[in-house]
There are 2 protein chains.
Amino acid sequence: MTNRIETQAKAKGLRLTGQRKLIAQVLAEARDHPDVPELHRRVAEHDERVSLATVYRTTKRFEEIGILERHEFGDGRARYEQVPREHHDHLIDVDTGKVIEFHSEEIERLQAETARRLGYELVGHRLELYARPCRPRGSVK
Amino acid sequence: MTNRIETQAKAKGLRLTGQRKLIAQVLAEARDHPDVPELHRRVAEHDERVSLATVYRTTKRFEEIGILERHEFGDGRARYEQVPREHHDHLIDVDTGKVIEFHSEEIERLQAETARRLGYELVGHRLELYARPCRPRGSVK
DNA sequence: ATAACTGCAAACTTTTTGCTCGATG
DNA sequence: CATCGAGCAAAAAGTTTGCAGTTAT
């Protein structure tokens, strides 16, 4: 039951403690972008002895070695997501906070073109769309 | 010496206290995107009796009525900027930290279209391009 | 006059850190 | 068995809030 995060962490020379395996597992299973306190809550369901400080240190460590992506969707908290195989951006529902992933090859291309036009070579970007449902029809969940 | 922020605040029915005028002035003069503690520091240079709480409440109030823009450039702090007359996004030179403002009508259009395609109405966005200057040719870092 | 606003301090939240002990490679 | 990591608690740092007094309109 070794997941991609564990594999990468080991490859980077990190010690695979029980806590880290557990955190890696929870992150690998997460379909959303949990913040650290939330991550800690989920981890605690499996082992309540894991401390919040450890979750903070571990996510930071995981981010440093490039296996986690850190986001800050306007609420001031750091949210983490396993670095995806294919890049995507995020649309945030401003009413519910729900995050939808999307990808637009056309926008990507225009970003690179815009940078080039300014005399730069694009090395990264952050794109977040803040929006609300078109029509106040059937509330989800 | 009434600035745009003051004018708009008055128009929105806010009471123009000495503190608010001072905060508005400092913001109108700012060419950067100061966070609240920094804003408070600058305000204190003119009147040290203005409290930090007031700066927090005032920036929040100003943002609510749409005369300030709130940013969170990855460091978890709220940073404020007077709402510009023409919208722009930012390209950040990753080598020097220099910020270049740009605007792409085409990207804007695609963003709205992307949101609509997902069943949402775009109400805001954040786009930051991270880039480095195009090298003349084959120089190594 | 009176609702809006301010200062102060206390409380809250998220995140970091010092220290000691424990566990991994 | 030398490090690296974990737990705990205390402390930063940013932000909010209750309350009592002040002020713009």
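To find a chain, count down the sequence lines: A is the first, B the second, and so on, and within it residues start at 1. Just the heavy atoms: all of them, side chains too, but no hydrogens, waters or symmetry mates, feed the values below.
The side chain of Thr54(A) lies closest to dG7(D), out of dG7(C), dG7(D), dG14(D). When distances are taken from the side chain of Ser51(A) to each of dG7(D), dT6(C), dT24(C), the shortest belongs to dG7(D). Here the nucleotide nearest the side chain of Tyr56(B), chosen from dT15(C), dT6(C), dG14(D), is dG14(D). Side-chain proximity of Ala53(A) to the nucleotides dG7(C), dG5(D), dA9(D) is greatest for dA9(D). Distances were taken from every side-chain heavy atom of Thr58(A) (C-beta onward) to each of dG14(D), dG7(C), dA6(D); the shortest belongs to dA6(D). Each of dT15(D), dT6(C), dT25(D) was ranked by its minimum atom distance to the side chain of Lys10(B); first place goes to dT25(D).
Note: NZ (Lys21(B)) to C1' (dT23(D)) measures 12 Å, nearest angstrom. Atom CG of Asp47(A) and atom P of dA23(C) are 13 Å apart (whole Å). Atom CG of Leu39(A) is separated from atom P of dT15(C) by 11 Å (rounded to the nearest Å). For the pair Gln19(A) CD and dC21(C) C1', the computed distance is 13 Å after rounding to whole Å. Between Arg20(B) atom CZ and dA24(D) atom C1' the separation is 10 Å, expressed in whole Å. Between the P atom of dT13(C) and the CG atom of Leu52(A) lies a distance of 13 Å, rounded to the nearest Å. When the C1' atom of dA24(D) is taken as reference, atom CD of Glu6(B) falls 14 Å away, rounded to whole Å. Atoms CZ (Arg70(B)) and C1' (dT16(D)) sit 12 Å apart, rounded to a whole Å.
Axis angle between the ends of the helix from dA1(C)-dT25(D) to dG25(C)-dC1(D), five pairs each and rounded to 10 degrees, works out to 40°.
Between Glu45(B) and Arg42(B) there is no salt bridge, since no side-chain nitrogen of the basic residue lies less than 4.0 Å from a carboxylate oxygen of the acidic one. Between Glu38(B) and Arg41(B) there is a salt bridge, since at least one side-chain N of the basic residue sits less than 4.0 Å from a carboxylate O of the acidic one.
Projected onto DNA chain D by closest heavy-atom contact, Gly18(B) and Ala78(B) fall at different nucleotides, the more 5' of which corresponds to Ala78(B).
Among the atoms of the strands shown, base atoms are found under 4.0 Å from some heavy atom of Arg57(B). Contacts of Arg49(B) with the nucleic acid, taken as non-hydrogen atoms under 4.0 Å apart, involve only primed sugar atoms and P, OP1 or OP2. Within 4.0 Å of Leu16(A), counting heavy atoms only, lie sugar-phosphate atoms of the nucleic acid but no base atom.
Between the base of dG5(D) and the side chain of Arg61(A) there is no donor-acceptor pair shorter than 3.5 Å. Side-chain atoms of Arg15(A) come within donor-acceptor range of the base of dT3(D), with a qualifying N/O pair under 3.5 Å.
Of all the heavy atoms in Arg4(B) and Gln82(B), the pair that sits closest is NH1-NE2, 3.1 Å.
You'll find the side chain of Asp89(A) stays beyond 4.5 Å of the side chain of Leu129(A), heavy atoms only.
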Would you check, one step at a time, whether the test salt bridge (charged side-chain N to carboxylate O under 4.0 Å, His left out) holds for Arg117(B) with Glu113(B)?
CA-CA 6 Å; Arg117(B) 188 168 295 160; Glu113(B) 183 185 318; 2.6 Å; yes
From CA spacing to verdict: salt bridge (charged side-chain N to carboxylate O under 4.0 Å, His left out), Arg61(A), Glu64(A)
CA-CA 5 Å; Arg61(A) 206 83 188 72; Glu64(A) 281 170 7; 3.0 Å; yes
Could you walk me through whether His90(A) and Glu101(A) satisfy the side chain to side chain contact (heavy atoms under 4.5 Å, CB included) test, starting with their C-alpha distance in whole Å, then the side-chain angles of each, then the deciding distance to 0.1 Å, before giving a yes or no?
CA-CA 5 Å; His90(A) 300 94; Glu101(A) 302 175 348; 3.9 Å; yes
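There is no side-chain donor-acceptor pair under 3.5 Å between His71(B) and Glu128(B).
Contact check, Lys60(B) against dT15(D): no side-chain N or O comes under 4.0 Å of OP1 or OP2. Applying the 4.0 Å criterion to OP1 and OP2 of dC4(D), one finds that Thr17(A) has every side-chain N and O outside that range.
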